[in-house]
Each structure stands twice: as C-alpha cells, then as structure tokens.
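Ligands are counted one by one from 1 in listed order, and the atoms in each one are counted from 1 as well.
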Amino acid sequence: MHSSQFPAEPPSNGMVERDLTVGDVPGLRSPASGADRAPLMFDVIIAGCGPTGAMLAAELRLHDVRVLVLEKETEPKSSVRIVGLHIRSLELMAMRGLLERVLQHGRQRPAGGFFAAINKPVPKSLDSAHAYMVGIPQPVIERLLEEHAIELGAQVRRGCAVAGFEQDDEGVTVELADGQQLRSRYLVGCDGARSTVRKLLGVGFPGEPSRTDTLMGEMKVGVPQEEIAAKVTEISETHKRFWLRPFGEGAYSVVVPAAGVSDRAEPPTIEDFKQQLRTIAGTDFGVHSPRWLSRFGDATRLAERYRVGRVLLAGDAAHIHPPIGGQGLNLGVQDAFNLGWKLAAQIRGWAPEPLLDTYQAERHPVAEDVLDNTRAQMELLSTEPGPQAVRRLLTELMDLDEVNRHLIEKITAIGIRYDFGAGPDLLGRRLRDIDVKQGHLYGLLHHGRGLLLDRTERLTVGGWSDRVDYLADPTAVLDVPCVLLRPDGHVAWIGDDQQDLDDHLSRWFGRPAD
Ligand SMILES: Cc1cc2nc3c(=O)[nH]c(=O)nc-3n(C[C@H](O)[C@H](O)[C@H](O)COP(=O)(O)OP(=O)(O)OC[C@H]3O[C@@H](n4cnc5c(N)ncnc54)[C@H](O)[C@@H]3O)c2cc1C
C-alpha cells in the first residue's frame, strides 16, 4: 500500500466549494442525516489506478486536493503490451515535466501510418514540437503516472475494490468490497470498461457489442526471420488483422483473427494461436514459449453521461472502442487532463458555475469522434471486396498531404477544437509548445495553472494571479497579440483588450480575489 498523510480538514485557502443539493440531481435518494455520516476525509476518491485514474490524481494534487485512489488489484498489471502515446499525450507529458521520463522508457517512432494501418509517411510539418509517437509498455506508463501522482502527494491503496456508493448534498459515501466505508466530496470512476461506478450510477452505455475478436500475444518462433518476413508481407496484402513482428530478445508480437477458436470466456492458449496462424498462413511458424496471450474485441460504446451529481466517469469507464489506431489510453489520459483542474476548481471554491459541466460538453464529442474513426478503421480492415475497394481509394487519397494530415491529426488528438464560441480558429484549440524567452512554453505549465502570454506587455491578470500566471514576451512566436491558456493548454481567449480579458478570466477562473 502506498500512502501519504493528509490533514482531515477541508482545504485551507479560505475558499469552500459550492455544495450541490439533492434537488440538483434527479433520482437521488435523500441524504442520511449529517450526524450519521462518516467525516469527509478526502476531496476526491478515484476508483481505479489505470492510466486515467493515475493522471487524474496527479492533476488534482497540483491544486492541493486531497485524493485517494482505490485500486482493486494488489499488484500493477504484468502484461507487457506496448501502447502508442500519440502527439497530444506527449504534449501533456511535456506540460507536466514528464516527457523525459517517458522518453527514457519508450521508443520514438514516426507519427504516421496509424489510420487503419495504411502505410503512409508522416504528413508534412505537423503543428507540434513533439511530432512523433512513443511506443511504451502499458505497465511502464502506468507506473510512471502512478509514481508522479504519489510524488505529488496522492494516496494509492491497492487491493481495494469499490463495491458501492451513495451520494448526498455534501459528498459521496464509498463502500469497499470488504464493507469499509470512506467519504469524499466527489467520486470519479476510472475503473475501466466494466466500470462498477458506471453500472451503479445507472448511466446507459449504448453502442455495439463485439463482432470480431482478435488474438494478440508475445511468443518465440521456430523458423528463421527471413522466412517469416516474406510470408508476412504476402499475407498482409489481404489480411489486415494479422501481424508477426520481431519484438526484441527473440520474441515476436503476434496478432491474428480469433474466429472459430475456443470459448470466448476462457483465456486464449498457444494452440489457439497456432490454429489461426495455420488457417491464414498455412504454417504456425513454430510459435512457442508465450510471454503473454490475450484476446480483445471491437465493442464500441459511449456513456450517456459523464457526470451525475458528485460522481463522474473518465477513460474506458466512459468509452470503449477497438484498439485500432491506439487511441484508448490516450483518450483516457486526456479526459483526466481536462477534468483535473475543473474538479480542483470546484473543490477549491473558485469554479464558475458551469465549469465542471464543460468536462462532459468538451470530452463527450471528442470520444464520439474517436468511436467513429475506429468504426471506420475496422471496416477498412475487412477482407470483403467492398471495404477493400474503399481502402484502396482512401490509400490513394492519403497521398494528398491534407487528407493524410487530417486523419493523423484526428488519431493524435492535435486537431481537437473545443467550442468556446465565435472567434479566430486558434480559440478552443491547444497551443503548440512554442519558444518563449524563458525557453519552452510547456516548461511554464508544470504547475497546472492558467497562463496569460502577453506580447503587448500592457495587460495584467490582476485578481486572478493566484490561479493564472503572467508572461510578458513580445518575442513569442505567435501571430496574435495575447493568449489566455487554460491549465490544459487550450486557448481560452485571444485579444489585447483588458476588459475583454477580465471577462474571460471570470468565465474560466471565477471571481477575482479581493
Ligand atoms: C490489444 C490492445 C492494444 C491497445 N493499444 C493501445 C494503444 O496503443 N494506445 C492507446 O492509447 N490505447 C491502447 N489500448 C487501450 C488501453 O489499453 C485502454 O484504453 C486503457 O488501459 C484505459 O485506461 P483506463 O485507466 O481508463 O482503464 P484501465 O486501464 O482498464 O484501468 C482501470 C483500473 O481500474 C481498476 N478497477 C476496476 N474495477 C475497480 C473497482 N471496482 N474498484 C477499484 N479499482 C477498479 C482496474 O484494476 C484497473 O487497474 C489498447 C487496448 C488493447 C486491448
């Protein structure tokens, strides 16, 4: 068990959160009387210490929020599946000073060729200082994020499964599988695709069930590399859900369709892999000595709501889709990045009225878009003549740099533009990591505060200086006079007028301090 101690009293900045009342939350039970409730020991309890939960815990700790992460597994995951961190996630790592650690443990790869595994070069001049992909074992990125959260003061308790909860006007009583009760102001379900929190909340999870299963694993082979390479190239022409790639230390990463193999409820066996390899390649390549074997489906579902009162959902608990394009972990970590400062603001007492609800307003459409692009990609993997023809057509179209760029910006999440109302194209988008006089812009965002970047040197953040940093830099490479950045790096305002700025500071950062 990891731990760090918190004081039991509420935040000490003199601000208190605005309480919800049961009347705000349809369908909730009346609260137990205050005298019966356990003390509010935590501001936020997070169910699940996967990448989403760990990232959220760290983001909340940047604002001194008292966070407890409950993780049902006693040990971190042992599978060594490599996941791809895409550009926007790498930018987030740079914004919190984590990129060096990630790069030490991952392998950089070009940021192209992800859409439906259509092999195309990286589009020209992607708008990022971190325009590459990093392949990293999922347990390693999870460990790095968990360590980061703990360094910032989050408590992580392993072997603790959330089994129930009840919310009332002041907080949420969370019940663990062993019957223990804990209380916090908010609960966030980051507990993965089968989320207990989502189910108990009664939030619908509409979408499509899995239609095609795929086997994935890591194992040794019994034939020479040259023999494999020639065969794999030939089969890949027609079978898009297939690969057999060297993975280092004599191991191979193997992906094959799971059609017709053993019981879905049972974990796959090496025999299942052999059988499927023989079916599509005519040989099983002598595979043996598996390090791990897994099966995944293409179920595609999106939670109807991301928030009910004091309980929220993030990551796979809120959305699932096939892993094509490698977006799920990225999407969850980016949910956490969007939610963290907003929930912290609510708890610290400075959140303007609708701020917390902008989490769903901004992130639900992003997930809808990811679900759609994975649906499209899965169609393009089909071996049927129609989808194959569409794939050939798209392959041609992707020779147009603009088409290739559009698809890669989607997968890497740098094309996202939140709807902040009318304004220049940059409004609502994230700002790339530009050079500023102190070095790199993202280096100034490690503390999760807002930032006013002022090229006119005339403006001020006045009464918001406890939440928003100020940087006067006429040399900054920007083609607008000033930008106000939210803690997640999205552009909340562009202009040069102090009154207009103050209005936008109020919109995003609440009332100024006296
Ligand atoms: C084959 C494959 C390849 C993939 N490749 C990529 C890729 O390249 N890039 C990418 O971005 N994504 C990829 N993904 C998707 C990625 O693995 C998931 O989207 C990601 O793990 C979601 O993170 P999460 O934290 O939301 O949920 P999870 O990782 O599922 O974590 C949830 C955590 O909650 C815990 N938990 C569950 N229930 C409870 C409870 N009741 N109480 C307390 N704790 C609980 C679980 O033990 C777990 O630790 C891939 C997925 C698959 C299957």
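- Ion pair Glu208/Arg375 flagged as a salt bridge, since at least one NZ, NE, NH1 or NH2 atom sits closer than 4.0 Å to an Asp/Glu carboxylate oxygen.
- A distance of 6.0 Å separates CZ in Arg96 from CG in Leu62, rounded to the nearest 0.5 Å.
- The residues Asp168 and Arg183 are annotated as salt-bridged, a charged nitrogen and a carboxylate oxygen being separated by less than 4.0 angstrom.
- Listed by chain and residue number, His86 satisfy the ring pair (Phe, Tyr, Trp, His ring centres under 6.0 Å) test with Phe114 (two or more places apart in sequence, or in another chain).
- Ion pairing of Arg143 with Glu147 is present here, as a side-chain N (NZ or NE/NH1/NH2) and a carboxylate O approach within less than 4.0 Å.
- Salt-bridge annotation for Glu362 and Arg486: present, with a side-chain N of the basic residue lying under 4.0 Å from a carboxylate O of the acidic one.
- Residues with a heavy atom under 4.0 Å from ligand 1: Gly48, Gly50, Pro51, Thr52, Leu70, Glu71, Lys72, Glu73, Lys77, Arg81, Val83, Gly84, Gln138, Cys160, Ala161, Val162, Cys190, Asp191, Gly192, Thr196, Met216, Phe296, Gly315, Asp316, Pro323, Gly326, Gln327, Gly328, Leu329, Asn330.
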